[in-house]
There are 2 protein chains.
Amino acid sequence: MARKPELMPGTLDMLILRTLARAPLHGYGIALSIKRLSDDVLTVEEGSLYPALQRLLVQGWVKAEWKKTETNRRARYYSLTVAGRKQLGLELSQFEQMIAAIGRVLQDADA
Amino acid sequence: MARKPELMPGTLDMLILRTLARAPLHGYGIALSIKRLSDDVLTVEEGSLYPALQRLLVQGWVKAEWKKTETNRRARYYSLTVAGRKQLGLELSQFEQMIAAIGRVLQDADA
DNA sequence: TCCTATCCATAGATAGTCTATATATACGCC
DNA sequence: GGCGTATATATAGACTATCTATGGATAGGA
């Protein structure tokens, strides 16, 4: 993270799954959604996004379908599978647990 | 992170600096402190800890000194430098900002 | 016509973590 | 005296995920 962490490593898959849980979206739309919801704090680079989507496809957590966008452009729409929704729940709970643990370490009180 | 994330990548330096802000400690003690404060959720492996301490030394955020422990064993005690305390503040604020941003993305409300 | 935003994707560099290994000693127990 | 466990430092190599850089294509507005 020394230079410019646009993301917290390890959270991208969870963020994508959470975004797709709202509605199916194409890759570019996922990146925009995350950027906007985070008030520009989180930026998903293409070199992170597409490999991540490939991972999620391979693991069966999302499925993809080529469609036309509202503006008549070809795009690949991703949506959550049942397994993906389950995985999202798992990642969310692990994330919460880890954040809570980090919070305890960052506290002032000594052991 | 697919397998067994003992830590959230990118947070280790911050956790070490925060631990040393309480009191100087040797490496083994830092690992124990983080493990205990986090209720065993966070485990700092040696292969992560010592490279991290080297990074922090090189960047001048901590300094080291060989001493005897209370149990009469030789150990290298690390302590925060002024620059390290400043760096800790920076990392804490960036972390808070990022966690808040992730929280917004994970929310239910749409954009 | 040109420029910007939209859209997909990959190759290679970089960084940070984990696994495995090596070394060494204090201390309690049998 | 010998053994096991906890204490203590450190490195090499594997692995994974991210970022940088690049390439291509098209819709629509200026």
Side-chain angles (χ1 to χ4, degrees), chain A residues 1-17 24-36 41-59 61-62 64-78 91 94-95 98 102, chain B residues 1-17 24-36 41-59 62 64-78 91 95 98 102:
Chain A
M1 304 215 15
R3 290 303 148 71
K4 258 206 185 170
E6 307 289 1
L7 280 181
M8 191 161 314
T11 61
L12 179 56
D13 291 9
M14 175 180 72
L15 293 174
I16 292 175
L17 292 176
L25 262 182
H26 47 74
Y28 189 75
I30 293 169
L32 279 185
S33 175
I34 291 175
K35 190 177 178 68
R36 287 173 181 161
V41 174
L42 307 177
T43 301
V44 183
E45 306 294 341
E46 291 148 317
S48 309
L49 177 64
Y50 292 104
L53 288 170
Q54 291 305 315
R55 284 198 299 273
L56 298 177
L57 276 173
V58 167
Q59 281 160 318
W61 294 333
V62 304
E65 191 183 359
W66 286 98
K67 283 192 184 174
K68 288 276 183 182
T69 67
E70 294 175 3
T71 54
N72 202 35
R73 298 170 68 88
R74 114 189 200 291
R76 203 172 182 198
Y77 280 80
Y78 296 87
E91 294 201 15
Q94 286 178 348
F95 177 76
M98 205 161 263
I102 291 174
Chain B
M1 303 215 15
R3 291 302 147 72
K4 257 201 183 174
E6 306 288 1
L7 280 180
M8 191 162 313
T11 60
L12 179 55
D13 292 9
M14 177 180 71
L15 292 173
I16 293 174
L17 292 175
L25 261 181
H26 48 75
Y28 189 75
I30 294 170
L32 278 186
S33 175
I34 290 176
K35 190 178 179 65
R36 286 173 182 159
V41 175
L42 307 177
T43 302
V44 183
E45 306 294 340
E46 292 145 317
S48 310
L49 176 65
Y50 292 103
L53 288 170
Q54 291 305 315
R55 284 198 298 272
L56 298 177
L57 276 172
V58 167
Q59 281 159 317
V62 305
E65 192 183 0
W66 286 97
K67 283 192 183 175
K68 290 275 183 182
T69 67
E70 294 175 3
T71 54
N72 203 35
R73 298 170 67 90
R74 115 188 200 293
R76 204 171 181 198
Y77 280 80
Y78 296 87
E91 294 202 14
F95 177 76
M98 207 162 262
I102 291 174

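We name chains A, B, ... by the order of the sequence lines, and we start the count at 1 in each one. Note: hydrogens, waters and symmetry copies are ignored here, and every other heavy atom, side chains too, is used.
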Asker: Using Watson-Crick pairs (N1 to N3, plus N6-O4 or O6-N4) and G-U wobble pairs, both distances under 3.5 Å, which stems of at least 3 pairs involve DNA chain D?
Answerer: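 DNA chain D forms these stems: C:1-30 with D:1-30.
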Asker: B:Arg76 and B:Ala64: which non-hydrogen atoms are nearest, and at how many Å?
Answerer: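 What the structure gives for the nearest pair is NE-CB, 3.6 Å.
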Asker: Which listed nucleotide (C:dA9, D:dT20, C:dT17) is nearest to the side chain of B:Pro9?
Answerer: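 Among C:dA9, D:dT20, C:dT17, the one nearest the side chain of B:Pro9 is C:dT17.
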Asker: Rounded to the nearest Å, what distance is computed from the CD atom of residue B:Glu46 to the C1' atom of nucleotide C:dC18?
Answerer: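 After rounding, the gap between these two atoms is 11 Å.
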Asker: Might you point out which heavy atoms bring B:Tyr28 and B:Tyr50 nearest each other, and give the distance in Å?
Answerer: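 Closest pair (atom of B:Tyr28, atom of B:Tyr50, distance): N-OH, 4.0 Å.
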Asker: Starting at CG of B:Leu7, measure out to CE of A:Met98 and round the result to the nearest 0.5 Å.
Answerer: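 One gets 7.0 Å once the value is rounded to the nearest 0.5 Å.
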Asker: In whole angstrom, give the distance that lies between atom CD of A:Glu65 and atom C1' of C:dC8.
Answerer: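 Rounded to whole Å, this separation is 17 Å.
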Asker: Using whole Å, what does the distance between atom C1' of nucleotide C:dA15 and atom CG of B:Asp13 come to?
Answerer: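 Going from B:Asp13 (CG) to C:dA15 (C1'), I get 11 Å.
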Asker: Is B:Glu6 side chain donor-acceptor paired with the C:dC18 base, going by distance under 3.5 Å alone?
Answerer: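 When only heavy-atom distances are counted, B:Glu6 does not reach the base of C:dC18 through any donor-acceptor pair under 3.5 Å.
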Asker: From the set D:dT18, C:dT17, D:dA10, return the single nucleotide nearest to any side-chain atom of B:Leu12.
Answerer: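 Of D:dT18, C:dT17, D:dA10, C:dT17 is nearest to the side chain of B:Leu12.
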Asker: Within this structure, what is the CE-to-P distance between B:Met8 and D:dT18, rounded to whole angstrom?
Answerer: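 Atom-to-atom, B:Met8 to D:dT18, this comes out as 12 Å.
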Asker: Between A:Glu45 and B:Tyr78, name the one whose nearest nucleotide on DNA chain D is closer to the 5' end.
Answerer: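 It is B:Tyr78, whose closest nucleotide lies nearer the 5' terminus.
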Asker: State, with a plain yes or no, whether a side-chain heavy atom of A:Glu45 is found less than 4.5 Å away from one of A:Glu6.
Answerer: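 The answer is yes; the side chains approach within 4.5 Å.
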Asker: In this structure, how many angstroms lie between the C1' atom of D:dG28 and the CG atom of A:Asn72, rounded?
Answerer: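 Going from A:Asn72 (CG) to D:dG28 (C1'), I get 11 Å.
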Asker: Counting just side-chain N and O atoms, does B:Thr71 come under 4.0 Å of either OP1 or OP2 of D:dA8?
Answerer: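 B:Thr71 to D:dA8 OP1/OP2: side-chain N or O found under 4.0 Å.
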Asker: Atom CG of A:Leu42 and atom P of D:dT18: how far apart are they, to the nearest Å?
Answerer: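 After rounding, the reported distance stands at 12 Å.
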Asker: Check every atom of C:dC7, D:dC19, C:dC8 against the side chain of A:Arg76 and return the nucleotide holding the closest atom.
Answerer: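 In terms of side-chain proximity for A:Arg76, the closest of C:dC7, D:dC19, C:dC8 is C:dC8.
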Asker: Restricting to non-hydrogen atoms, name the atom on B:Asp13 and the atom on B:Ala52 that form the minimum distance, rounded to 0.1 Å.
Answerer: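 Taking B:Asp13 first and B:Ala52 second, the nearest heavy atoms are OD1-CB, 3.9 Å.
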Asker: Is the closest side-chain heavy-atom distance between B:Leu57 and B:Tyr78 below 4.5 Å?
Answerer: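 Yes - at least one pair of side-chain heavy atoms lies under 4.5 Å apart.
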Asker: Are the side chains of A:Val44 and A:Leu32 in contact, using a 4.5 Å heavy-atom criterion?
Answerer: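 Of all side-chain heavy-atom pairs linking A:Val44 with A:Leu32, none is under 4.5 Å.
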Asker: Among residues 47-56 of chain A, which residues get a heavy atom nearer than 4.0 Å to DNA chain D?
Answerer: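 Contacting residues: A:Gly47, A:Ser48, A:Arg55.
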Asker: Send over the distance from B:Leu32 CG to D:dA8 P, rounded to a whole Å.
Answerer: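 Nearest whole value for this atom pair: 8 Å.
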Asker: Whole-Å distance between D:dA8 C1' and B:Trp66 CH2?
Answerer: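 Roughly 8 Å, once rounded to whole Å.
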Asker: Got A:Glu91 and A:Phe95 here, is their nearest side-chain heavy-atom distance under 4.5 Å?
Answerer: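 A side-chain contact under 4.5 Å is absent here.
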Asker: Partners of A:Tyr77 by side chain to side chain contact (heavy atoms under 4.5 Å, CB included), sequence neighbours excluded?
Answerer: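 Listed in chain order: A:His26, A:Lys67, A:Thr69, A:Ala75.
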